[in-house]
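Notes for the one structure printed next.
The sequence lines fix the lettering, A, B, ..., with proteins before strands; numbering per chain opens at 1. The figures that follow rest on heavy atoms only: side chains count, while hydrogens, waters and symmetry mates do not.
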2 protein chains.
Amino acid sequence: MRNPVNKVSRRAFVSTGAVAIFSARIGIAEGQSQGDPLPSWNDGPAKGAVLRFVRDTTEKSSTKYVEPADRIATFDQDGTLWTEHPIYGQAAFALTRIGEMAPKHPEWKTKEPFKSVLARDSAAMSKFTEADWLQIVAVTHTGMTNEAFAGLVKDWLATAKAPRFDRPYTDLVFQPMLEVMQYLRANGFRTYIVTGGGQEFVRVYSEKVYGIPPEQVVGSSIVTTYVNTNGKPVLMREPKPFFIDDGAGKAIGINMFIGKRPLAAFGNSGSADLKSGDTQMLEWTQAGDGTTRLMMLVMHDDAKREYAYGPAGGLPDTHVGTFSEALLTEATKNAWVVISMKNDWKRIFAFDQ
Amino acid sequence: MRNPVNKVSRRAFVSTGAVAIFSARIGIAEGQSQGDPLPSWNDGPAKGAVLRFVRDTTEKSSTKYVEPADRIATFDQDGTLWTEHPIYGQAAFALTRIGEMAPKHPEWKTKEPFKSVLARDSAAMSKFTEADWLQIVAVTHTGMTNEAFAGLVKDWLATAKAPRFDRPYTDLVFQPMLEVMQYLRANGFRTYIVTGGGQEFVRVYSEKVYGIPPEQVVGSSIVTTYVNTNGKPVLMREPKPFFIDDGAGKAIGINMFIGKRPLAAFGNSGSADLKSGDTQMLEWTQAGDGTTRLMMLVMHDDAKREYAYGPAGGLPDTHVGTFSEALLTEATKNAWVVISMKNDWKRIFAFDQ
């Protein structure tokens, strides 16, 4: 059967631009290859670096051509793919759970760190030690099966609203990064999340939100134990860290889970001592040989549309997703591309105009 | 341009059988769908179970249809995909390395467990404790980078010969299992190795031998540390176990690395207490819901063509890949399919006639 739309398009739209616009509206595949794959990016060095990298590694005639099987790109999540301020989404989940669980734990009213959480004492919470957070994670993330945990995360995502935007957390994903992931996948890349956050937490929504399936989520994990009582085995979550996918752990996690060197890596943070964040993931990616590699860092410098923080930009160090001066020094030395959210991104969220 | 081969085949080969044979020779795709996908299997319940499972899960009209993204099949390696007797391939590698390293370790001549290894004292070696093996693994598998280790494995594979067959270890893969893996992949499955053996060891040859890429090898691992001295970061292998992918660890590993429940799982071993081997991988697979699942166990009952061992078959318990009576009880209770190498496999190795 003849497609009347094609007939109209052949007749009425003669310029490439018009066809592209028309094709995009009705979802014709050819329109996609003619259109801009990164429409939420302003023209500039960052956008140019992505386009050049894909061309260099995927065009058969290129000296830097890479077979599809080896086209791997890794993405940090918090602050790279979605908003991490004022606190990480997973921390917000944990604090909400403390509130929900409190009626069954009257002792928390007088016991830290729970007391400060229940009192919504931000000043006290900002001083929480790692031991405090471990207690919070233990009571909110463990002592249940993986399935039960996933159910809690799902319920939270369906109801929780992020501060300032009053929208679901999963609305706060960065549209320009979604475009990069889609563009890479359209060019034969497999996209992986490599997050310091919890692997099982992120897996709950990674496919729906980022198009990334569970097996391509590398993250931090706790010990699980296999329990089979009535022929229905479950994995029980124990209050004991197993793998911390942060800093050097990101290179270790990439090797363990993927076993291949990424061609591209995207992050946004590095502590002053460079031991926490994305530094090692980018180093590890860059140290691969045989072709060109792309290393990019998102800088949060847009207080108007999102948040602005990080000493590297002369902005406050909030200790949530720090972009330290040391990381900027590394980026400059190694020719890593810094993305200014303010200047490089036409829009940040899908709901932006 | 017209393909002269197609023209010939249209003219000269009229019967389906003749076309299939001709097509197979010249590699025409249509010939593959007409031919037997499991030519090294004898007709019988085991072969029938594989064919029925694939039909049930992949035909769109089936009530048990599964989307390609969720078509996951997991395979134990030692004893399931290749020969594990008289000792595991990786153990043979370690013992060979001890011999190669001995000139630089004169103290080994008088120090166990090295003394027995160097003396080729099989009786003493068969009594090695776990601590003895850990010492052997420590000196042969650690204190070097992952790359250096992979190089040693590669060199060993290129020169080592398996006992009895006097062939490279990678010749001793089971042709019927290669056919199952190829058949599953041709039907949209992703095939994973889930081995108690070392992840980095198996990754060296998994792609070439089994068509399974590094990211689809789940295995045991040791702790690695990230070391970046001259801007050339490496992962150093430490003498400390990280993850043991055996017994319950196989279910845990499948969840951690894949995050999806397999539809099919293939193993061959289970100790008398069922704590070591493939029992939990099959249990975990079977406990998934929503569709049919396939659980299979290879039984080594062919002393003539390979080896015969395992109490379940009334054969000796060699403690290398035990098929215990307890495992057979589980298999019977749960309707897992037991593959008799002697009866179900027309040939075992590609080099068999």
Inset, instruction - Heavy-atom distances under 4.5 Å only: say whether Val217(B) touches chain A with side chain, backbone, both or neither. - result: neither
Legend entry - chain A contact via Asn146(B) - which portion, at a heavy-atom distance below 4.5 Å: side chain
Legend entry - Toward chain A, the part of Pro233(B) with a non-hydrogen atom under 4.5 Å: both
Inset, instruction - Under the ring-ring contact (aromatic ring centres under 6.0 Å, His included) rule, collect the residues that match up with Phe149(A), sequence neighbours excluded. - result: Phe93(A), His141(A)
Legend entry - Residue-level interface, residues 199-212 of chain B with chain A, non-hydrogen cut-off under 4.5 Å: Gln199(B), Glu200(B), Arg203(B)
Legend entry - salt bridge (charged side-chain N to carboxylate O under 4.0 Å, His left out) pairs, two or more places apart, involving residues 215-226 of chain A: Glu215(A)-Arg190(B), Glu215(A)-Lys260(B)
Legend entry - Qualifying residue, where the test is side-chain contact (heavy atoms from CB on, under 4.5 Å) with Ile252(B) and the options are Thr225(A), Val223(A), Leu235(A): Leu235(A)
Inset, instruction - Among Gln216(A), Gln286(A), Glu283(A), single out the residue with the greatest number of heavy-atom pairs under 4.5 Å to chain B. - result: Glu283(A)
Legend entry - Contacting moiety of Glu330(B), where chain A heavy atoms sit under 4.5 Å: neither
Legend entry - Residues from residues 242-251 of chain B approaching chain A under 4.5 Å (heavy atoms): Phe242(B), Phe243(B), Ala248(B), Ala251(B)
Legend entry - Over all atoms of both residues, closest heavy-atom pair of Lys232(B) and Ala287(A): NZ-O, 3.1 Å
